[in-house]
Amino acid sequence: MPDLPTPTPYSVPEKPTVDGLEAAWTRRWDQDGTYRFDPETTREDVFSIDTPPPTVSGELHIGHVFSYTQGDVVARFWRMRGKNVFYPLGWDDNGVPTERRVENYYGVRCDPSLPFDPHFSAPEQPDDKKKVSIARGNFVELCEELTRVDEEAFKHLFRSLGQSVDWSTEYTTVGRFARGVSQRAFLNMLARDDVYLRVAPTLWDVDFKMAVSQAELEDREQPSAYHRLSFARVGSEGAIEVDTTRPELLASCVAVVAHPEDPRFTDLFGTSVLTPLFGIEVPVVAHELADPDKGTGAAMICTFGDTTDVTWWRELALPTRTLIGRDGRFLPADFTTEEFPSRAPGLAASHYAGLEGRNVKQARAAVVEALRVEGSLLGEPREITHPVKFYEKGERPLEIVASRQWFVRTLEHREELLARGEELNWVPDFMRHRYRTWVEGLNTDWNISRQRYFGVPFPVWYPIDAEGEIDFGSPLLPSLDRLPIDPSSDLPEGYQATQRDRPLGFSADPDIMDTWATSSLSPQIAGRWGTELFERVFPMDLRLQAHEIIRTWLFATVVRSHLEFDSLPFENALISGWILDPNRKKMSKSKGNVVTPLPLIENHGADAVRYWAASGRPGTDTAIDEGQMKIGRRLAIKMLNASKFVLGRLDAGEELNAGDVTLPLDQDLLALLGDLIDEATAAFEKYDYARVLERAESFFWSFCDNYVELAKARAYGEGSEEETRSARATLFLTLSALQRIFAPIQPFVTEEVWSWWHDSSIHLAPWPTRDELGNLRSHPGSIFQPVCEVLEAIRREKSSAKVSQRAEVADLVIAAPQEYADAVSASAADLQAAGNVTLISVVVANELAVSVTLAPA
RNA sequence: GGGCGCUUAGCUCAGUUGGUUAGAGCGCAGCCUUCACACGGCUGAGGUCAGAGGUUCGAGUCCUCUAGCGCCCACCA
């Protein structure tokens with residue numbers, strides 16, 4: 001080998017490493033504003049992404065990195081395609097999880113009746129057993145304080161991961177702008193009659209003392225028991241037997257129901273029966289929802305035991321007998337009144353006496369015992385397990401209580417909302433079924449009132465009449481230019497502060513909005529609804545989220561956009577799967593198998609973690625796999641070393657282009673690279689980032705293992721000037737394209753190697769095209785593959801002879817079909833150099849065959 | 001009860017509109033301290049594609065049924 005002085009043409013480190021790239025490049029990207037969105041733009045040039053504002057509850061979760069990484073990969077691709085990418089990020093900091101965390105972190109509890117204490121400071125040592133009651137204003141301050149800390153930690157995680165977010169667009173859902181957007185959207189809905197205030201039976205969590213919406217429910221399998229009760233008929237002999245799992249609600253029984261065509265009951269409809277213990281006469285009614293196969297075929301309707309009771313109560317216009325209060329305890333009941341018209345008030349009262357103030361569990365035991373004594377409990381309770389509705393964050397079964405809430409009309413828009421779901425492009429497509437079944441299954445309008453403190457208040461006051469009664473029918477509204485307002489401190493127009501909560505004065509709506517009522521406006525918040533920016537980013541190109549929040553966030557966003565703009569909020573929805581623990585079990589705090597992402601990033605590097613995330617296909621549940629991260633790290637290291645080698649072969653400032661690539665082997669490689677680029681581009685456009693990674697990785701390893709080895713001698717300057725130039729140009733072009741193809745997936749290492757020979761960021765470089773490679777096409781006579789096979793045959797021979805790969809091959813005979821023979825001959829020098837072959841000969845044959853004769857050791 | 005998805009090498013998964021001999025990585029085994037890379041490289045073994053039936057010249061791929069696993073939804077007395 002000629003002793004060519006090889007100038008170090010570019011600034012390639014002597015010992016490149018992937019360690020420390022995150023901090024260095026994150027800082028540089030900040031300085032340079034690499035990911036800044038250019039607001040001076042047109043809608044056509046923008047690619048806008050609607051990202052989920054993560055719930056800031058203190059816990060960093062590996063699930064966060066998964067879905068966002070997949071989105072970031074897509075964002076980076078479109079940025080390189082020349083789009084002005086709008087990739088904002090906000091924090092969902094209002095709502096129950098934040099309040100919960102603040103209560104536990106500081107050992108406090110909000111008591112809205114207390115006055116604001118301007119000198120308040122949080123307890124030094126939180127005492128779980130004795131929480132300090134504090135004013136709403138002080139509580140909100142603590143929420144703001146803690147979310148600020150948590151948001152910094154989250155931001156650190158997202159930056160460490162290489163999220164190409166424009167941080168100047170950062171927002172919080174409880175921030176001033178978001179509050180204004182929320183309130184404006186609410187007032188618009190009110191003006192259009194899309195939202196209404198109503199006292200209605202509401203799903204109620206007795207611990208949070210808060211209404212919940214249908215979307216926040218989950219079923220949990222609970223032990224229970226059938227109790228068979230005997231209801232004596234009125235005016236004739238006999239009794240009706242009823243099975244119930246909720247005997248404690250007996251006093252609230254308002255009817256007994258059976259299926260209209262159930263022959264056992266057809267003669268009884270229109271008659272009435274007496275409830276055991278309480279002696280209240282209730283009608284026997286017919287309704288199709290009564291299932292003849294369940295229990296005795298007859299059920300007791302209570303107000304309210306479950307959601308079916310609500311349906312029956314509404315459709316059959318039954319009276320209301322309220323037993324359970326908002327704290328989950330039994331209320332007083334007067335059996336001499338219209339509400340509880342007992343035939344034996346004294347007896348009824350004595351049976352009820354022990355129930356008042358008790359919780360459901362205690363009351364059940366007492367009622368069952370009384371029934372047993374009375375003899376109206378038939379047989380013993382039969383134990384079963386059955387699903388019971390819970391608030392997803394709750395600990396006790398939901399009760400149904402009547403309360404005043406704001407509801408968004410969704411039921412009457414069901415068909416339009418279903419059509420929106422069909423209009424949306426889902427990735428993967430089958431996720432559309434989740435949306436459809438959810439919308440088809442809606443049974444109540446969307447309740448957006450929450451009886452909590454840290455959130456967006458309803459911008460509403462109500463007038464109070466001379467008798468001190470609040471008139472909920474004619475709310476007082478602020479003008480839009482006053483928003484955001486807090487009705488508990490701001491005043492309705494025309495009123496004085498002294499009139500608050502006084503006769504002829506006004507009263508503030510005490511509630512805040514459901515967290516989804518605000519986060520469903522993420523396109524409006526991030527896109528600065530009301531400014532020119534909004535027209536340039538809305539509707540968004542892409543929504544990014546996990547499948548578990550299709551029924552909440554995605555559905556709610558579609559509702560709000562449909563009502564406000566008569567359009568979809570985004571064209572495409574990229575739905576990610578679950579993260580499972582290494583044993584493929586769902587992660588949960590209770591199981592203690594939650595994995596936090598920062599140690600993974602520190603151990604393996606961000607590019608390695610991103611490699612793992614990008615290998616998970618859309619919608620596919622993926623287990624945490626550190627092995628996969630190690631492979632990602634190895635890939636990044638290989639990129640460093642391959643780049644170092646190639647750049648070491650090039651002269652500084654040397655102008656190489658596709659025209660310099662003259663050898664068939666080199667042209668074939670570029671043609672195959674063109675195929676890769678086309679496939680990667682098409683896959684990215686369909687959000688199939690995982691396929692891009694798979695194909696690019698496969699090409700890259702073949703490039704390193706085979707092409708680089710074959711062309712190495714020429715690259716070092718052996719061979720003619722033209723041959724050397726062809727090899728160097730091929731290496732130059734291929735390295736450039738491969739670095740850019742990997743850039744969306746491994747942004748740190750690719751930026752590092754790109755910086756060795758470029759002044760500007762790879763993430764703003766153009767996405768590679770086949771044109772820049774001379775537009776070469778792969779063809780049937782391509783020899784790259786057969787030449788690789790020859791090279792592999794040589795290696796196989798050496799490997800099985802257990803000699804070094806540098807061992808000399810004395811004689812290499814290649815039998816090749818005619819179409820390859822010439823071309824393989826043309827690459828003979830490469831093969832000789834790569835395989836250390838002394839004598840090489842090519843003969844024509846039907847099939848490719850290689851005979852390797854090693855030189856004696 | 002309704003629906004969706006999955007089932008391919010020991011493990012994790014690819015397999016585009018049906019087309020020679022089913023792919024990758026990990027793990028395993030063997031070899032190589034080769035001048036980009038030991039934070040490495042090379043080579044190899046390993047699969048009746050969950051089961052049954054059907055369509056077709058041809059099925060991992062399309063159709064039907066069955067089984068197992070996971071998930072979503074449901075008015076769960």
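The sequence lines fix the lettering, A, B, ..., with proteins before strands; numbering per chain opens at 1. As the structure is a computational prediction, the values presented were derived from the model and not from experiment.
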Looking only at atom C1', what distance separates U16(B) and A22(B), rounded to whole Å? 16 Å
Determine the Euclidean distance between corresponding P atoms of U17(B) and G44(B); express it in Å to zero decimal places. 31 Å
Does CD belonging to E288(A) count more than 12 external heavy atoms closer than 6.0 Å? no
Among C71(B), A77(B), C39(B), find the nucleotide with the atom closest to the side chain of I637(A). C39(B)
Please work out if K15(A) contacts a base, only the sugar-phosphate, or nothing of the nucleic acid, heavy-atom cut-off 4.0 Å. sugar-phosphate
Looking at Y435(A) versus W426(A), is the centre-to-centre ring distance below 6.0 Å? yes
Checking all strands, does W612(A) fall into the base, sugar-phosphate, or nothing category for heavy-atom contacts under 4.0 angstrom? nothing
From A77(B), G15(B), U43(B), pick the nucleotide closest to the side chain of K294(A)? A77(B)
Using only heavy-atom distances, determine whether the side chains of E697(A) and Y611(A) contain a donor-acceptor pair under 3.5 Å. yes
D19(A) or W578(A): which one's nearest nucleotide on RNA chain B is closer to the 5' end? D19(A)
Of C75(B), A77(B), C32(B), the nucleotide closest to the side chain of Y226(A) is A77(B)
When the C1' atoms of U66(B) and C11(B) are compared, how many Å lie between them, rounded to an integer? 28 Å
Is any side-chain N or O of R551(A) closer than 4.0 Å to OP1 or OP2 of C72(B)? no
Against the side chain of T437(A), the closest entry in C72(B), C75(B), A77(B) is C72(B)
Check whether any side-chain nitrogen or oxygen of H386(A) sits under 4.0 Å from OP1 or OP2 of A77(B), and answer yes or no. yes
With rounding to whole Å, what would you report as the distance between U7(B) and A52(B) at their C1' atoms? 16 Å
Whether K712(A) engages the ring of F645(A) as a cation-pi pair (distance to the six-membered ring centre under 6.0 angstrom, angle to the ring normal within 45°) should be assessed. yes
Do other residues, nucleotides or ligands put more than 12 heavy atoms under 6.0 Å from N846(A) CG? no
Just to be sure I understand the rule, does Q214(A) reach a base, reach only the sugar-phosphate, or reach nothing, if contact means heavy atoms closer than 4.0 Å? sugar-phosphate
Is R695(A) close enough to U16(B) that one of its side-chain N or O atoms is under 4.0 Å from OP1 or OP2 there? no
Hunt down the Watson-Crick or G-U wobble partner of C71(B), both distances under 3.5 Å, from any strand shown, or write none. G3(B)
Distance check needed: U34(B) P versus K798(A) NZ, whole Å only. 13 Å
Please classify the nucleic acid contact of T245(A) as base, sugar-phosphate, or nothing, using heavy-atom distances under 4.0 Å. sugar-phosphate
Looking for any heavy atom pair under 4.0 Å, which part of the strands does V310(A) touch: base, sugar-phosphate only, or nothing? nothing
Across the strands shown, which category fits R633(A) at heavy-atom distances under 4.0 angstrom: base, sugar-phosphate, nothing? base
Quick check on the 6.0 Å ring-centre criterion: do F66(A) and W612(A) meet it? yes
Among the nucleotides A77(B), C4(B), A14(B), which one has an atom lying closest to any side-chain atom of H433(A)? C4(B)
Separation of A77(B) atom P from R228(A) atom CZ, nearest Å, is 14 Å
Please report the distance, rounded to the nearest Å, between CZ in R634(A) and C1' in G27(B). 13 Å
With respect to the side chain of R795(A), which nucleotide from A14(B), C42(B), G41(B) is positioned closest? C42(B)
Just the rounded figure in Å: distance from P of C37(B) to CZ of R649(A). 11 Å
K802(A) vs C42(B): side-chain N/O to OP1/OP2 distance below 4.0 Å: no
Check every strand shown and say whether Q628(A) touches a base, only sugar-phosphate, or nothing at a heavy-atom separation below 4.0 Å. nothing
Using a heavy-atom cut-off of under 4.0 Å over every strand shown, decide if C704(A) touches base, sugar-phosphate, or nothing. base
Check: G30(B) base within 3.5 Å donor-acceptor of S799(A) side chain: yes
A29(B) versus G68(B) - spacing of their P atoms, nearest Å: 38 Å
Taking CZ from F430(A) and P from C4(B), how many angstroms apart are they, rounded to a whole number? 12 Å
Can you name the residues that form a ring-ring contact (aromatic ring centres under 6.0 Å, His included) with F304(A), not counting sequence neighbours? W313(A)
Please report the distance separating the P of U64(B) from the corresponding atom of C4(B), rounded so that it comes out in whole Å. 11 Å
Considering every strand shown, what is the Watson-Crick or G-U wobble mate of G18(B) when both distances are under 3.5 Å? none
Pair Q739(A)-S643(A), side-chain donor/acceptor within less than 3.5 Å: yes
Considering only the C1' atoms, how many Å lie between C32(B) and G15(B), rounded to the nearest integer? 33 Å
Could you check how far CD of E697(A) sits from P of G15(B), rounded to whole Å? 15 Å
Which listed nucleotide (C39(B), C26(B), U34(B)) is nearest to the side chain of Q805(A)? U34(B)
5' priority, RNA chain B, between A290(A) and T620(A) [closest heavy atom]: T620(A)
Nearest whole Å is fine: how far is G25(B) C1' from K638(A) NZ? 15 Å
Does C75(B) have OP1 or OP2 sitting under 4.0 Å from an N or O in the side chain of N443(A)? yes
Does C31(B) have a Watson-Crick or wobble mate here (both distances under 3.5 Å), and if so which one? G41(B)
So side-chain hydrogen bond (donor to acceptor under 3.5 Å, both in side chains) across residues 246-256 of chain A, not counting sequence neighbours, yields R246(A)-E248(A), R246(A)-E399(A), E248(A)-R364(A)
I'd like the P distance from A9(B) over to G23(B), given in whole Å. 14 Å
Testing C71(B), G44(B), A77(B) for proximity to the side chain of R796(A), the answer is G44(B)
Just the rounded figure in Å: distance from P of C71(B) to CG of D219(A). 14 Å
Counterpart base for G60(B), defined by Watson-Crick or G-U wobble contacts under 3.5 Å: none
